[in-house]
Number of protein chains: 2
Amino acid sequence: MNDRISPEPPATLAELMRRGNVFAEQCPSREVLKHVTSRWGVLLLVALRDGTQRFSDLRRKVGGISEKMLAQTLQWLEADGFVARIAHPVVPPHVEYSLTPLGEELAQKVEALADWIEFKLPEIMAARVRRESGG
Amino acid sequence: MNDRISPEPPATLAELMRRGNVFAEQCPSREVLKHVTSRWGVLLLVALRDGTQRFSDLRRKVGGISEKMLAQTLQWLEADGFVARIAHPVVPPHVEYSLTPLGEELAQKVEALADWIEFKLPEIMAARVRRESGG
DNA sequence: TTGGGTACTTACCTTTTCGTGCGTACTTAC
DNA sequence: GTAAGTACGCACGAAAAGGTAAGTACCCAA
């Protein structure tokens with residue numbers, strides 16, 4: 001019925017990108033995905049499900065994170081509208097971080113993923129051992 | 001009742017790591033999480049939900065991936081027991097990749113996350129604009 | 001008065017990631 | 001004969017990520 005080869009991709013790329021399509025290289029959803037699935041992004045989102053916390057609290061909770069990466073990752077998540085930052089203008093700085101409603105939705109999905117991995121870890125490691133021992 | 005400072009961490013770190021605890025820096029779940037949430041890992045897991053596919057099929061489906069990264073990421077996912085690789089020893093190489101049952105479970109969680117981001121993208125971008133325009 | 005805690009920023013340097021291009025061994029199509 | 005496709009491996013270099021250390025401005029405890 002139709003031409004097999006059309007001069008333009010179907011439904012316009014721009015439209016796909018506006019809707020969100022992770023398979024399209026230029027889609028901004030790739031950027032968001034990058035922040036969310038970044039090394040520390042996942043951990044922070046899960047950590048923040050425990051409620052409002054301060055910078056140093058998060059630093060202590062998330063093992064191995066540096067101050068630099070904590071600050072940077074929080075800024076990404078804030079820019080994407082997932083975390084809210086409230087700075088109290090007091091003398092030793094006091095800043096509180098929490099999830100926005102949007103962030104809470106997201107964090108649930110992320111935690112589901114992280115929990116699944118933790119739960120299945122023995123099974124995963126077992127599969128790895130089978131492979132290494134040449135089974 | 002107890003000492004505030006105990007010479008050993010509670011319940012032993014090793015035990016926490018065997019069970020899986022992403023917040024512990026040395027836990028192997030961090031490694032698995034890294035593979036799964038890597039730039040291309042997410043995309044490949046979602047792409048493989050469409051069923052068994054060949055190397056080149058995946059390359060074409062996932063926009064922007066290089067052959068090197070495709071091969072490497074597939075190897076990670078295979079080592080973790082999420083994808084199965086079947087090589088037919090024929091003359092132009094023919095290799096098929098598919099999700100294992102474990103991988104299918106995982107891919108569902110990952111797809112839920114990716115879908116949510118795609119679906120909420122307009123909302124996310126809107127939040128970003130508000131911020132940039134000094135709201 | 002020295003040291004530690006708060007919430008960062010900046011500069012510097014190392015590590016990791018990733019893309020590009022080339023090679024392979026062979027077949028099919030042109 | 002030449003080009004293209006298949007499924008990679010390898011080597012090189014650029015780019016990005018990320019750790020470390022120091023600085024800030026001020027307070028509190030020892």
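Throughout, protein chains are lettered first and strands after them, A, B, ... in sequence-line order, and every chain is numbered starting at 1.
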Euclidean distance, atom [atom1] of residue [X] to atom [atom2] of [N] [Å, nearest integer]:
X	N	atom1	atom2	result
B:Ile65	D:dA7	CD1	P	14 Å
A:His88	D:dC27	NE2	C1'	18 Å
A:Arg60	C:dG4	CZ	C1'	12 Å
B:Met69	C:dT16	CE	P	14 Å
B:Arg59	D:dG5	CZ	P	11 Å

All N/O pairs under 3.5 Å across the protein-nucleotides 7-9 of chain C interface:
from  : atom 1 : to      : atom 2 : distance (Å)
C:dA7 : OP1    : A:Arg54 : NE     : 2.7
C:dA7 : OP1    : A:Arg54 : NH2    : 2.8
C:dA7 : OP1    : A:Val95 : N      : 3.3
C:dA7 : OP2    : A:Ser56 : N      : 3.2
C:dA7 : OP2    : A:Ser56 : OG     : 2.8
C:dC8 : OP1    : A:Arg85 : NH2    : 2.6
C:dC8 : OP2    : A:Tyr97 : OH     : 2.5
C:dC8 : N4     : A:Glu67 : OE1    : 2.3
C:dT9 : OP1    : A:Gln75 : NE2    : 3.4
C:dT9 : OP2    : A:Gln75 : NE2    : 3.0

- Message: I want to confirm an ordering. Mapping A:Trp76 and A:Val91 to their closest nucleotides on DNA chain D, which one lands closer to the 5' end?
- Response: A:Trp76

- Message: Does this structure show an ion pair linking A:Glu67 with A:Arg59, if we count only N-O contacts that are shorter than 4.0 Å?
- Response: yes

- May I ask you to decide whether B:Lys120 forms a salt bridge with A:Glu105, counting only side-chain N to carboxylate O separations under 4.0 Å? yes

- Scan A:Leu44, A:Leu43, A:Thr73 and name whichever one has a side-chain contact (heavy atoms from CB on, under 4.5 Å) with A:Ser38. A:Thr73

- Which residue, B:Leu70, B:Leu48, B:Ile86, forms the side-chain contact (heavy atoms from CB on, under 4.5 Å) with B:Tyr97? B:Leu48

- Query: Considering only side-chain heavy atoms of B:Trp40, which listed nucleotide, D:dA17, D:dG18, C:dG19, is closest?
  - Reply: C:dG19

- Both distances under 3.5 Å, Watson-Crick or G-U wobble: report the partner of C:dA29, or none. D:dT2

- Query: If you round to the nearest 0.5 Å, how far is CD of A:Glu25 from CD1 of B:Ile65?
  - Reply: 10.5 Å

- OP1 or OP2 of C:dG19 less than 4.0 angstrom from a side-chain nitrogen or oxygen of B:Arg39, does that happen here? yes

- A:Lys34 side chain N/O closer than 4.0 Å to the phosphate oxygens (OP1, OP2) of D:dA17? yes

- Message: Can you give me the closest heavy-atom contact between A:Gln53 and A:Ala47, atom names plus distance?
- Response: NE2-O, 3.2 Å

